[in-house]
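Only one structure is covered here, and it is reproduced in the block below.
Remember, it's 1-based here, ligands and their atoms both numbered in the order they're listed. Only this structure's heavy atoms are used, side chains among them; waters, hydrogens and symmetry mates stay out.
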Amino acid sequence: MRTNVIAGNWKMNKTNTEAVEMLTELKRLVKDIKGVKIVIGAPFTALSDAVKAVEGSNVEIAAENVYPRSSGAYTGEVSPTMLKAIGVKYVILGHSERREYFKESNEFINEKVKAVLAAGMTPILCVGEKLEDREAGRTAEVNETQVREGLKDITAEEAKNIIIAYEPVWAIGTGKTATPEMAQETHKEIREVLKSMFGAVADEMVIQYGGSMKPENAAELLAQADIDGGLIGGASLEAASFAKIVLAAK
Ligand code: 3PY
């Protein structure tokens, strides 16, 4: 009943020329794939060309951040209105790198979620525990707080258009992956939180797994009942490896 969403997160990688090259190849590799939503998150400078490169295909484009105001004196920032105007469909929010390096709070991320929805795009809200949280038995609590505060004041109707990406911080860029069973357990806990917030709508919400998902482990992770796709870091940089993950999600 839920459609898998496989989204790349290129992070601070690729010039616009490199982005177009990769997307041209990706389009060719995934053109016959149906039943999976395919998204690539690209840096701001590549977004416009990326959107043009995938026009008419089954690949859509995400931004990796946004500022939660529609315009104004915010030097260096990019608004949801600007992203929407060039054809961006999704915005990745609250990635652990932004929480860590740019000190983004749940409150600020919540403002971004609302601003992205108001502009008619889909937020991909990243949540996840650090290694010390997991070791201290605080995994469920940390994820619950990030979900509840990140989605504060969101209605059930709005929640239908929100994707959650569960990314255990200890599995990001480390090559470590949660076992499929560990990931499933946390996804289920997150869905319970969503149920208590949004009722039956929680069953329609996509919860992606992120954190070193790659062609070798994608099928096993995606086979879990509450894992509805992936947010892919390193393995999304190459068209061939990303396409293999898309295939595993069919
Ligand atoms: C990773 O897999 O490294 C990610 O951070 C995906 O967002």
Side-chain angles (χ1 to χ4, degrees), residues 4-14 19 22 26 36-44 46-47 50 59-66 88-104 106 109 112-113 116 121-131 133-134 139 142-143 146-147 150 162-180 182-184 186-187 190 206-222 224 227-246 248-249:
N4 278 330
V5 181
I6 300 295
N9 176 12
W10 281 352
K11 309 190 178 183
M12 197 174 72
N13 290 294
K14 294 200 190 288
M22 185 285 188
L26 180 65
V36 185
K37 287 195 181 162
I38 309 168
V39 180
I40 288 286
F44 286 136
L47 285 175
V59 181
E60 295 177 298
I61 299 299
E64 300 173 16
N65 186 27
V66 75
V88 167
K89 296 281 175 18
Y90 300 78
V91 186
I92 300 170
L93 297 174
H95 191 279
S96 62
E97 288 150 13
R98 296 213 59 86
R99 292 178 190 262
E100 177 79 14
Y101 305 141
F102 305 100
K103 306 291 171 235
E104 291 196 7
N106 287 324
I109 295 163
K112 295 185 182 201
V113 170
V116 167
M121 295 177 290
T122 299
I124 300 179
L125 171 65
C126 304
V127 301
E129 80 284 359
K130 295 183 181 164
L131 187 59
D133 299 321
R134 183 160 279 270
T139 299
V142 167
N143 286 305
Q146 290 183 6
V147 170
I162 293 175
I163 294 176
I164 305 291
Y166 165 59
E167 304 204 305
V169 181
W170 48 271
I172 293 179
T174 58
K176 285 188 196 150
T177 324
T179 63
M182 272 159 80
Q184 165 58 23
T186 310
H187 278 237
I190 291 173
V206 166
I207 308 179
Q208 299 174 313
Y209 175 79
S212 301
M213 189 186 265
K214 41 187 182 272
E216 297 75 34
N217 59 22
E220 253 195 316
L221 286 160
L222 293 166
Q224 303 298 314
I227 300 187
D228 314 312
L231 185 58
I232 328 293
S236 72
L237 293 171
E238 298 273 328
S241 57
F242 187 71
K244 281 187 194 149
I245 300 175
V246 174

Structural part of H95 in contact with ligand 1, heavy atom criterion under 4.0 angstrom: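 Side chain only.
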Ligand 1 versus C126: contacting region, heavy-atom distance under 4.0 Å: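 No part of C126 comes within reach of ligand 1.
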Ligand 1 N/O within reach of N9 N/O, cut-off under 3.5 Å: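 Looking only at distances, the answer is yes, because the N/O contact criterion of under 3.5 Å is met.
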Heteroatom distance test (G233, ligand 1): nitrogen or oxygen, under 3.5 angstrom: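 In this structure, G233 places an N or O atom under 3.5 Å from an N or O of ligand 1.
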side-chain contact (heavy atoms from CB on, under 4.5 Å) partner of E64, the single match among Y90, W10, F44: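 Among Y90, W10, F44, the one meeting side-chain contact (heavy atoms from CB on, under 4.5 Å) with E64 is W10.
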Neighbour count >12 (heavy atoms, 6.0 Å) for atom NZ, K14: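 Count over threshold, so yes.
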Residue G173 vicinity, atoms of ligand 1 by number, heavy atom under 4.0 Å: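 Matching atoms, with element in brackets: 3 (O).
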Close-contact set for ligand 1 against G211 heavy atoms, below 4.0 Å: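 Numbered from 1, ligand 1 contributes 2 (O).
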V169 side chain reached by R99 side chain, heavy atoms, under 4.5 Å: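 When only atoms from C-beta onward are counted, V169 and R99 do not touch, as no gap falls below 4.5 Å.
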Nearest protein heavy atom with distance in Å, relative to atom 3 (O) of ligand 1: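 Scanning the protein heavy atoms, the shortest distance from atom 3 (O) of ligand 1 goes to K11 NZ, 3.1 Å.
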Closest protein heavy atom to atom 6 (C) of ligand 1, given as residue, atom name and distance to 0.1 Å: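 In this structure, atom 6 (C) of ligand 1 has E167 OE2, 2.9 Å as its nearest protein heavy atom.
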Residue pair H95 / E167, side-chain donor-acceptor N/O under 3.5 Å: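 Side-chain D/A pair, H95 to E167: present.
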Exam field: side chain N143 to backbone G128, donor-acceptor pair closer than 3.5 Å: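 Checking the backbone N and O of G128 against the side chain of N143, a donor-acceptor pair under 3.5 Å is found.
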Short side-chain to backbone donor-acceptor contact, Y209 and A178, under 3.5 Å: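 Here the side-chain-to-backbone pair exists.
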